Amino acid sequence: MRVIKVKDYERLSKLAAKIVATLIREKPDAVLGLATGNTPLGLYRELIRMHKEEGLDFSRVVTFNLDEYIGLPKNHPQSYHHFMWENFFHHVNINPSNVHIPDGNAPNIRQHCDWYEARIRKFGGIDLQILGIGRDGHIGFNEPGSSLGSRTRIKTLLEVTRRDNARFFDGKIENVPKYAITMGIGTILDAKAILLLASGESKADAIKKAVEGPITAMVPASVLQLHRDTTVIVDEAAAKYLELPWETEEDYERVESLFG
Ligand code: GLP
């Protein structure tokens with residue numbers, strides 16, 4: 001696992017965007033796994049800027065989102081469909097038929113989950129999976145206790161997650177859906193490379209456990225320690241409890257310039 005500690009959220013977003021843009025320039029039909037939440041917003045903003053000012057081309061890029069609430073209409077302001085189109089897809093030249101987000105209104109959700117897995121395989125698998133992390137260490141909507149081999153499926157959300165997300169639903173936990181579709185931990189681990197982003201003190205405990213703690217289903221992100229190509233970018237606040245020195249941004253740039 002590679003952990004890069006950067007100064008703040010802006011540096012985190014810029015470095016993440018650089019990694020994504022390098023992949024797209026090397027492989028214009030790259031398959032990206034995408035995440036929602038506040039954390040990747042700066043990354044999406046920077047990719048939009050690179051598209052507009054530097055011609056970063058998304059026309060052949062394929063995307064698969066991690067998760068979606070079950071039962072929210074697609075155009076609901078809190079649906080992940082709405083989030084992705086508003087915050088990213090509408091602002092770049094992505095081909096809508098290359099965009100995949102789980103359908104929380106599919107008539108048969110279980111069948112839809114199997115279709116989603118098959119669709120990822122059809123495109124040759126995910127080249128780079130972007131992840132945020134929940135305060136309880138969840139990735140996607142894989143809550144603590146999720147099977148480490150799980151695939152795309154229905155998950156019941158924990159109260160802590162629903163409480164965290166209530167701020168987006170008029171502050172009312174009862175408005176937050178109880179169920180979601182999420183790629184499984186096994187699905188995430190199949191990605192060729194993984195980029196986990198964490199910013200702010202509220203994530204420091206989850207990052208400490210995920211990066212330096214034991215691998216356990218109680219902290220789903222800790223399983224990333226088993227993956228051969230995972231990079232974690234954390235800002236100073238999220239890195240607060242880490243004991244190892246890990247890498248600074250300067251260390252990272254030096255290694256990249258030496259070894260490419
Ligand atoms: C939700 C999403 C996760 C995300 C997490 C953290 O639970 N399903 O994919 O990582 O929130 O969100 P934020 O980045 O807003 O802290």
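Atoms within a ligand are numbered from 1 in the order they appear, just like the ligands themselves. All of these numbers come straight from a predicted model, not from anything done at the bench.
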Colleague: Output all residues satisfying ring pair (Phe, Tyr, Trp, His ring centres under 6.0 Å) with Phe88, sequence neighbours left out; order by chain, then residue number.
Modeller: Tyr44, Phe58
Colleague: Answer with yes or no whether Arg135 contacts ligand 1, where contact means a heavy atom under 4.0 Å from a ligand atom.
Modeller: no
Colleague: Under a 4.0 Å heavy-atom limit, does Asn38 contact ligand 1 with its side chain, its backbone, both, or neither?
Modeller: both
Colleague: Check whether Trp246 and Ile233 end up in the same hydrophobic cluster, where Ile, Leu, Val, Met, Phe, Trp and Tyr are linked by side-chain heavy atoms less than 4.5 Å apart.
Modeller: no
Colleague: Among Arg121, Arg228, Arg151, whose salt bridge (charged side-chain N to carboxylate O under 4.0 Å, His left out) with Asp190 holds?
Modeller: Arg151
Colleague: Of Gly134, Gly140, Pro40, which has the heavy atom at the shortest distance from atom 3 (C) of ligand 1?
Modeller: Gly140
Colleague: Tyr69 and ring pair (Phe, Tyr, Trp, His ring centres under 6.0 Å): which partner among Tyr179, Phe83, Phe141?
Modeller: Phe141
Colleague: So, are Glu46 and Arg49 salt-bridged, with charged N and O less than 4.0 Å apart?
Modeller: yes
Colleague: Of all the non-hydrogen atoms in the protein, which one sits nearest to atom 8 (N) of ligand 1, and at what distance?
Modeller: Asp67 OD2, 2.8 Å
Colleague: Do the side chains of His138 and Thr161 get nearer than 4.5 Å, heavy atoms only?
Modeller: yes
Colleague: Of the side chain and backbone of Phe83, name the one, both, or neither that has a heavy atom under 4.0 Å from an atom of ligand 1.
Modeller: neither
Colleague: Can you pull out the closest protein heavy atom to atom 5 (C) of ligand 1? Residue, atom name and distance to 0.1 Å, please.
Modeller: His138 NE2, 3.8 Å
Colleague: Tell me whether Gly37 has any N or O atom under 3.5 angstrom from an N or O of ligand 1.
Modeller: no
Colleague: I need the contact type for Ile133 against ligand 1. Using non-hydrogen atoms and a strict under-4.0 Å cut-off, is it side chain, backbone, both or neither?
Modeller: backbone
Colleague: Side chain or backbone, does Thr36 bring an N or O within less than 3.5 Å of an N or O on ligand 1?
Modeller: no
Colleague: Which protein heavy atom lies closest to atom 16 (O) of ligand 1, and at what distance to 0.1 Å?
Modeller: Lys203 NZ, 2.5 Å
Colleague: In plain terms, say whether Glu253 and Lys18 are close enough for a salt bridge, that is, a side-chain N and a carboxylate O under 4.0 Å apart.
Modeller: yes
Colleague: Could you tell me whether the side chain of Ile101 reaches within less than 4.5 Å of the side chain of Met84, counting heavy atoms only?
Modeller: yes
Colleague: Any heavy atom of Ala35 sitting closer than 4.0 Å to ligand 1?
Modeller: no
Colleague: Is there a polar contact between ligand 1 and Thr39, counting only N or O atoms under 3.5 Å apart?
Modeller: yes
Colleague: Of all the atoms in ligand 1, which lie at a distance below 4.0 Å from a heavy atom belonging to Gly132?
Modeller: 10 (O)
Colleague: Tell me whether Lys7 is salt-bridged to Asp235, with the criterion being a basic N under 4.0 Å from an acidic carboxylate O.
Modeller: no
Colleague: Give the atom numbers and elements of ligand 1 that come within less than 4.0 Å of a heavy atom of Tyr80.
Modeller: 1 (C), 2 (C), 8 (N)
